[in-house]
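Written below as structure tokens is the structure these notes are about.
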Amino acid sequence: MEIGINIDRAKLLISETKLNLKSENIQLSDSRGRILSKGLASKVNDPRFDNSAMDGWAVKEADCKSNKNTVLKIIGSIQAGSREITSLHRGEACKITTGAPIPDGADAIVIVEDSKTEGENVIISGPARKTFIRKKGENLSKGNEALPKGSYMTAAAISLAATMGHDMVTVYKRPIIGIISTGDELVMPNSEIQDYQIYESNSFGISALVEKMGGKPIRYDLVTDSVDHLRKVLNSAAKECDLLITSGGVSMGDWDIVRKIMEEEGDIVFWKVKMRPGGPPLYGKWKNKPIFGLPGNPVSSHLVFLILVCPWFSYTYGIKETEMPNLGQKVRVKMNDEVRGAKDKICLRRIRIISGSNGLEATVHTHQGSGNIHSMVAHNGITLLPEDTSAKTGDIIDAFWFN
Ligand code: AMP
Ligand code: MG
């Protein structure tokens, strides 16, 4: 077991336990937020055929060069979805709508605003442009793998998949993540509460984070600070889940039962990471399943999730941390308030980032204690202050901006 390591080392150790996620075929219409486990190649060219980008007239460019008022004979009209007019000769024009196929022989489009019809003729008063023809395959050629394995299905990616002719996609099965909150002081929100108790919140927030990262959370019933109770829940979670996440009980105290049980019966890979808040996280294996022990303080558990559990998802999907799904992005911000760093640890102060006229700027609004989950709502980002470094007003620093 390694103790008190830096974030990069922790991430390297996490990346060494690879999970082989299974795949499933799902309807394209159900795929938003899913990750392709098999690349998608186009079944067609895009555009499928040369077509007009404008409503107007299909013409021969050479016919329209001579003077400003060219008279062309109308041979008919063609709209998107039809193929009535198949060829055009010199001196002729064919009315055309956006998306309609270009008749053979036509090589340019005149927009409708630059024309006037007179009986059987059209008088062209503006330019005939070749660029108003969308050429077959100029966006994608048949066989192009425009959505490779690892692609995150956004609204645009879903449209692209349909454009390419797919109505089903192969995606990673959502990893099943067991979430176990520990602590004698915890009671469920809206239940009867004594003076010495608090409402349990972490399992709710962590479940939401798991969903954002594409996992399927299972929230287990509260576990009291009893090793026997915890063992029972861990054992059943290990059977049902791909990853276990506990909250609370990883510090040095006598009642820190997650650390205790992992020391005695589990397999700890590392404990304590040089970050603040969130110092005492634990990572290892329980019954051969990866397990993160997150600290109980609500801000700490959220930030350890961001710093260590999000990368676990990225490694599992085989994508970069900067690719979706993620919780946001690394940015540079100008501090409009002072923030204190931490000795020997990366310091994650909550900040509110706004896009100002000279770039991103950040301010501080609430008490920064690791027990104050309101600080994660009142702010939309965190500092990434290197160890032993504070920031003064006006300093430009690394930060993470939540999306
Ligand atoms: P622990 O990590 O168990 O020492 O807990 C640290 C702090 O976080 C204590 O003040 C706990 O009461 C609080 N805490 C622990 N678990 C939770 C939870 N699931 N929801 C809200 N607060 C918690
Ligand atoms: Mg506790």
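One-based numbering, in listed order, for ligands and for the atoms of each.
More than 12 heavy atoms of other residues, nucleotides or ligands lie within 6.0 Å of NZ in K334, so this atom counts as buried by the packing criterion. Counting heavy-atom neighbours within 6.0 Å of E192 CD, excluding the residue itself, gives a total of 12 or less. Counting non-hydrogen atoms of neighbouring residues, nucleotides and ligands closer than 6.0 angstrom, the NZ atom of K60 exceeds 12 such neighbours. Within a 6.0 Å radius of CZ in R276, no more than 12 heavy atoms belonging to other residues, nucleotides or ligands are found. Within 6.0 Å of atom CD in E263, more than 12 heavy atoms from other residues, nucleotides or ligands are found, so the atom counts as buried in its surroundings. Within a 6.0 Å radius of CG in N190, other residues, nucleotides and ligands contribute 12 heavy atoms or fewer.
In terms of polar-atom proximity, P298 is not counted as a contact of ligand 1, lacking any N or O under 3.5 Å from an N or O of the ligand. Considering backbone and side-chain atoms alike, S203 places every N or O at 3.5 Å or more from each N or O of ligand 1. Residue E200 has at least one N or O atom closer than 3.5 Å to an N or O atom of ligand 1. Below 3.5 Å of separation, one finds no N or O of V250 facing any N or O of ligand 1. Of the N or O atoms in Y199, none lie within a sub-3.5 Å distance of an N or O in ligand 1.
Nearest non-hydrogen protein atom to atom 6 (C) of ligand 1 is N297 N, 3.7 Å. Closest protein heavy atom to atom 22 (N) of ligand 1: I198 CD1, 3.5 Å. Closest protein heavy atom to atom 18 (C) of ligand 1: N202 ND2, 3.3 Å. Nearest non-hydrogen protein atom to atom 5 (O) of ligand 1 is G296 CA, 3.8 Å. Closest to atom 4 (O) of ligand 1, if we only count protein heavy atoms, is D256 OD1, 3.9 Å. Ranking protein heavy atoms by distance to atom 9 (C) of ligand 1, first place goes to E185 OE2, 4.0 Å. Among all protein heavy atoms, the one lying closest to atom 21 (C) of ligand 1 is S201 OG, 3.4 Å.
Side chain of S125 to backbone of N69: no donor-acceptor contact under 3.5 angstrom is found.
The ligand atoms of ligand 1 that sit less than 4.0 angstrom from a heavy atom of G249 are 1 (P), 2 (O), 3 (O). If you number the atoms of ligand 1 from 1 as listed, the ones under 4.0 Å from a heavy atom of S247 come out as 16 (N), 19 (N). The S181 neighbourhood of ligand 1 comprises atoms 19 (N), with distances under 4.0 Å to a heavy atom of that residue.
Taking the six-membered ring where the residue is Trp, Y317 and F313 present tilted rings, their angle falling between 30° and 60°.
Here the side chains of K330 and D398 are in contact, with some heavy-atom distance below 4.5 Å.
A salt bridge is absent between E387 and K274: the closest approach of a Lys/Arg side-chain nitrogen to an acidic carboxylate oxygen does not fall below 4.0 angstrom.
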